[in-house]
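Just so it is clear: chains get the letters A, B, ... in the order the sequence lines come, proteins before strands, and each one is counted from 1.
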Amino acid sequence: MTVRVRFAPSPTGFVHIGSLRTALYNYLFAKKNGGQYILRIEDTDQTRYVEGAIEGMLNSMAWAGVNHDEGAVLEDDKLVEKGDHGPYIQSERLEIYQKYIQELLEAGHAYYCFCSRERLEEVREQQKAAGMTPKYDGHCRQYTLEEARTKIANGESYVIRLKLPENRDIQFSDVVRGNVTVNTNDIDDQVLMKSDGFPTYHFAVVVDDYLMGITHVIRGEEWLISTPKHVYLYEVFGWKAPQYVHLPNILNAERKKLSKRQGDVAVEDFVRKGYLPEGLVNYIALVGWSPEDNQELFSMEELIEKFSLERVSKSGGVFDTDKLNWINSHYIKESPVERITDLAIPHLIKAGYVTEVEVNEKYQWIKDMVTVLQDRLSYVGEIVDKVDIFFTTEIKPEDQEAEEILKVEHLPQLLEVFGEKIKAIEVVDEDVVKGIFKEIQKETGIKGKNLFMPIRVALTGAVHGPDLPLTLKVIGKQNILSRIDYVKNNLL
RNA sequence: GGCCCAUUGGUCAAGCGGUCAAGACACCGCCCUUUCACGGCGGUAACCCGGGUUCGAUUCCCGGAUGGGUCACCA
């Protein structure tokens with residue numbers, strides 16, 4: 001039996017970081033087992049549909065390199081479907097659901113319900129007031145199919161509910177949780193078909209997973225509790241249920257479910273900040289799964305090779321930006337400068353350091369700047385916090401420590417000598433600066449920290465920063481000289 | 001609140017009856033570096049609490065506590 005798995009987002013916005021991980025695990029599991037990974041769009045809630053959401057999600061998945069074998073894909077910016085188990089968009093499968101819901105109705109496993117939302121609300125309130133768990137009271141179970149159809153013919157609005165047997169334990173085995181048992185008395189007669197003719201998730205997911213030949217359902221743990229309803233549906237249809245795999249949640253620092261409004265949770269947020277796809281994917285793979293050995297850094301190929309559902313953890317994991325940064329910085333260091341430069345340019349433009357028209361002629365210079373900074377970035381966008389030293393004209397000591405350094409008594413002499421030597425050369429590059437430092441050391445006896453730090457602070461205002469010779473190369477001869485003048489005139 | 005699930009350092013986590021309880025991030029220290037980083041080496045730091053079972057429990061069982069999930073015509 002070939003493995004077939006699916007990722008089934010609903011197009012209500014962006015791809016949540018937790019969804020990315022769910023998709024990734026599905027993808028890894030499929031690839032590992034030579035199976036297929038399908039992307040199905042679950043757009044059964046007409047009220048929550050967001051324009052352009054599908055396209056955005058598809059782009060995020062493509063960015064991350066989690067590519068599906070079947071499902072909705074973007075071709076020349078147009079949404080098309082690939083694969084022979086389609087349609088893969090639920091709103092295009094309405095007739096299919098109709099057929100199966102009729103089957104259920106005829107067999108007595110589902111019934112029409114005419115209760116108004118008001119009545120439902122009322123019942124719930126009463127139950128709550130009585131200290132009971134809110135649950136549909138089965139009011140419409142009394143109607144025969146025939147009676148119900150008469151009411152429908154009279155124009156009454158209805159939904160279709162699952163008719164659950166009383167007091168029956170439904171058990172299923174979850175790959176990560178083991179055996180889970182829930183009694184039907186604790187489950188609602190779930191609405192299967194809504195009054196607008198669309199199926200609910202619970203119905204569509206079962207019909208589609210069956211029809212699409214899904215063998216393993218790998219999804220977030222928020223679905224664990226409703227799985228018995230799905231298992232029951234498989235049973236009454238006489239279908240074989242898939243293997244269930246419920247993934248633990250990804251939590252924030254407060255150990256709450258990671259959600260919007262408390263920072264970055266959308267894949268696009270990380271793209272925007274300048275995280276690399278291999279960094280994000282590598283990190284996210286490690287929240288909720290661990291390899292047999294101690295490996296931390298993985299390419300997608302290695303993840304596929306090492307991944308197994310048996311090693312998925314049971315409990316939720318906190319999203320740790322520090323570790324993400326560490327992993328991401330690894331991939332930034334590994335990348336060709338050109339790649340980081342190209343990613344950095346939009347950030348520099350946005351921050352106002354360069355204009356779009358300047359970019360071409362300044363490309364080499366920008367590349368030099370990126371070369372100097374590349375090893376120090378956690379994510380590319382961070383570069384805008386570090387480039388000020390290359391653009392500033394008026395040196396300002398960044399803190400008290402910097403101010404102290406500017407007060408050292410040999411600074412005026414040092415700047416004088418250094419300025420003269422810079423003046424004397426054509427082009428400032430790394431080796432030239434190193435040579436100059438050597439000469440100064442020989443001529444004045446100033447060396448080490450006493451040599452580098454005063455120059456660094458005088459020319460950049462900062463105590464910390466990238467390698468000085470490289471930094472000076474990027475600053476350039478003219479700017480070095482004018483900064484020296486500025487410091488002499490204003491800060492000494 | 002009912003039901004379901006979980007609980008190893010600050011965080012991710014290994015462990016699957018006998019270990020001085022791995023490793024990584026973060027933090028601290030040292031080394032490398034004529035500066036700053038990178039890097040290398042080292043350090044601090046954990047089995048939620050009770051009962052059982054067992055010669056022996058972090059590991060198995062039962063309670064409790066804590067945390068999470070879920071109780072929609074949302075997914």
Check your understanding: When rounded to the nearest Å, what value does the distance between C1' atoms of B/C25 and B/G64 take?
Key -> 34 Å
Point to revise | Nearest-angstrom distance, C1' atom, B/A75 to B/C16 | key: 36 Å
Practice item. Please determine, for the side chain of A/D322, which listed nucleotide (B/A75, B/U11, B/C25) has the closest atom? Key: B/C25
Exercise for review: Name the nucleic acid region contacted by A/R255, choosing base, sugar-phosphate or nothing; use a 4.0 angstrom heavy-atom cut-off, strictly under.
Suggested key: sugar-phosphate
Exercise for review: Could you tell me whether A/L468 contacts a base, only the sugar-phosphate backbone, or nothing, with contacts defined as non-hydrogen atoms closer than 4.0 Å?
Suggested key: base
Review point. Say you pick atom C1' in B/G9 and the same atom in B/U44; how far apart are they, in whole Å?
Key: 10 Å
Exercise for review: Provide the distance between the two C1' atoms, one in B/A13 and one in B/C47, to the nearest whole Å.
Suggested key: 13 Å
Review point. Touch check for A/Q441, heavy atoms < 4.0 angstrom, all strands: base, sugar-phosphate only, or nothing?
Key: base
Practice item. Using a heavy-atom cut-off of under 4.0 Å over every strand shown, decide if A/T133 touches base, sugar-phosphate, or nothing. Key: base
**Study point:** Interatomic distance at C1', B/C32 relative to B/A37, whole Å
**Key:** 12 Å
Study note, to complete from the structure: Readout for nucleotides 38-50 of chain B: B = base within 4.0 Å of protein heavy atom, S = sugar-phosphate only, - = neither; 5' to 3' it is SS-----------
**Study point:** A/V380 and A/I332, any side-chain heavy atoms less than 4.5 Å apart
**Key:** yes
Review point. Roughly how far apart, to the nearest Å, are B/G15 and B/U58 at atom C1'?
Key: 9 Å
**Study point:** Side-chain N,O (A/R311) to OP1/OP2 (B/G15) below 4.0 Å
**Key:** yes
